[in-house]
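Let me begin by presenting the structure, written as C-alpha cells, before commenting on it.
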There are 2 protein chains.
Amino acid sequence: MSLDKKDQQLLTLLQSNARTSVSELATTVSLSDTPCLRRIKKLEASKVISGYHAALNPRALGLNVLVYAFVRLSQNSVSAANMFEEQVEKLNHVLECSVISGSYDYLLKIIAADLESYESFVKHKLGSINCIANIESTVVLKQTFSKKQLPL
Amino acid sequence: MSLDKKDQQLLTLLQSNARTSVSELATTVSLSDTPCLRRIKKLEASKVISGYHAALNPRALGLNVLVYAFVRLSQNSVSAANMFEEQVEKLNHVLECSVISGSYDYLLKIIAADLESYESFVKHKLGSINCIANIESTVVLKQTFSKKQLPL
DNA sequence: GGTGAAATTTTAGGTGC
DNA sequence: GCACCTAAAATTTCACC
C-alpha cells in the first residue's frame, strides 16, 4: 500500500480528529468529496486505519494511577506464556501487554483508581495467575505527554 | 460528573467505535436520538470524552519496532527537566513520555521503522539532548494486546 | 478525479408524560 | 428526566461522466 501526500494528510487529520466530516477533509486536502471518501475507504479496507476510538479522560473516571509492571514468569514454557497472556487479557485494568527483551518477560500497562486499589489489584488479580515469578511496579508520577499521532 | 448505566454504555460503545451513529447508539442503550445526543454532548463538554482519534496500523506504515526507553538525566534540576520534556515532545517518534518512580527519571515509548533506525534515532535525536545521563532500551518483541477501552 | 442526486444522519424545536 | 414527532441542515454515499 503506497501513500501519497494526500493520503498522509488525511491520516494526520483523522488521527487528530476522527469525526472530521468528509467534506471538510476534502477541502483541506484539495479534493472533492467523492475521491476523498474513496481514499478513506481504501485506507480502511487495507487496514492502514484500524479503527476509530473515543479517547476518555482517565481522571474524569476516577482512574488516577498509571503503572508499568514488569513481570517474570516462573517457567519459560509456551503453555505458561499462553496461559499468562490469556488470563491477563481478561483483566480490564491491564491496558497493554508486551513481550519484552531483558531480564523480565512482560511489560504491562495498568490503570487504577489509586495506589491502594493498584496494590489490591496486583495482590488479588495478577497474583492469582500462578505462573508469575515476580512483579516490579514502576509508577508513573506524571504523564508529560501522550500522542495519538504516528510519524508518517 | 456522575455517570449512570447508560452513560457508561455509551462510553464503551464510543471507545470501541467512535463513528457509530447516534441513532444506533440510541437504539443500543434504549433511548431515543435526542436524549442520547444530549448525553454525548455533555460527556464531551465535561471532558469525559477528550477526543476521537483514528487508530493506524503501525505495520502498514512500515513502523515495525516499538521500544520503551528509560532515561536518566544528568542533573535533577527543574530547568533540566523542563528542557528535556520540551525537546523530547518535538520528536515525532516518541509517542509517550512519563516521569517515573525508581532509578530512572523518564520512560519513553518510541516507535521506529526497524532496530537500525531506532539506533540512529537514539544516537542522533535523543543523543542531541545534552542533559541525558543514560538510556536503557527495552525492545518490545511482541504486543500481546493493546486495549482502547478504559475500565468503567 | 469530478458532478449531481439520493439516502442517511445530525441537530434542533416543540408537545406531553 | 424521557418519548415522540417534525423538519431543516449537513453529511454520506451512489451511479455515472
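Since this is a predicted model, take the numbers as computed values, not measurements. Per chain, numbering begins at 1; letters A, B, ... match sequence-line order.
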Within this structure, what is the CD-CD1 distance for the pair B:Glu86 and B:Ile129, rounded to the nearest 0.5 Å? 10.0 Å

If you compare every side-chain N and O of A:Arg39 against the phosphate oxygens of C:dG1 (OP1, OP2), does one of them come in below 4.0 Å? yes

Between CD1 of B:Ile40 and C1' of C:dT10 the distance, given in whole Å, is 11 Å

Distance in angstrom units between A:Leu37 CG and D:dA10 C1', rounded: 15 Å

Taking only nitrogen or oxygen atoms into account, show me every contact under 3.5 Å that the protein makes with nucleotides 2-9 of chain C, one pair per line with its distance.
residue : atom : partner : partner atom : Å
C:dG2   : OP2  : A:Ser32 : N            : 3.1
C:dG2   : OP2  : A:Ser32 : OG           : 3.1
C:dG2   : N7   : A:Arg38 : NH2          : 3.4
C:dG2   : O6   : A:Arg38 : NH1          : 3.2
C:dG2   : O6   : A:Arg38 : NH2          : 3.4
C:dT3   : O4   : A:Thr34 : OG1          : 3.1
C:dG4   : O6   : A:Thr34 : OG1          : 3.4

Any residue in residues 3-19 of chain B with a heavy atom nearer than 4.0 angstrom to DNA chain D? Just list them by number, or reply none. none

What is the distance, rounded to the nearest whole Å, between atom NZ of B:Lys42 and atom C1' of C:dT11? 19 Å

What is the distance, to the nearest angstrom, from the CG atom on A:Leu25 to the C1' atom on D:dT12? 12 Å

Taking it one step at a time, do A:Ser117 and A:Asp114 satisfy side chain to side chain donor-acceptor pair (under 3.5 Å)? CA-CA 5 Å; A:Ser117 65; A:Asp114 47 48; 3.2 Å; yes

Quick one: which of B:Tyr68, B:Tyr104, B:Phe70 gives a ring pair (Phe, Tyr, Trp, His ring centres under 6.0 Å) with A:Tyr68? B:Tyr68

Output a table of donor-acceptor pairs, distance under 3.5 Å, between side-chain atoms of residues 1-13 of chain A and any protein atom two or more places apart or on a different chain; print 'none' if there are none.
residue : atom : partner : partner atom : Å
A:Asp4  : OD1  : A:Lys6  : N            : 3.1
A:Asp4  : OD1  : A:Asp7  : N            : 2.9
A:Asp4  : OD1  : A:Arg39 : NH1          : 2.9
A:Asp4  : OD2  : A:Arg39 : NH1          : 3.2
A:Asp4  : OD2  : A:Arg39 : NH2          : 3.1
A:Lys6  : NZ   : A:Val29 : O            : 2.9
A:Asp7  : OD1  : A:Arg39 : NH1          : 3.0
A:Asp7  : OD2  : A:Asp4  : N            : 3.3
A:Asp7  : OD2  : A:Arg39 : NH1          : 3.4
A:Gln8  : NE2  : A:Leu3  : O            : 3.4
A:Thr12 : OG1  : A:Gln8  : O            : 3.0

Just wondering, are more than 12 heavy atoms of other shown residues or ligands nearer than 6.0 Å to CZ in A:Arg59? no

Where B:Met83 and B:Asn130 come nearest, the two heavy atoms and their spacing: CE-OD1, 3.9 Å

Specify the closest pair of heavy atoms between A:Ile135 and A:Val122, including all atoms of both residues, with the distance to one decimal. CD1-CG1, 3.9 Å

Distance, rounded to the nearest Å, where A:Glu24 contributes CD and C:dT10 contributes P: 16 Å

Would you say A:Glu136 has more than 12 foreign heavy atoms packed within less than 6.0 Å of its CD? yes

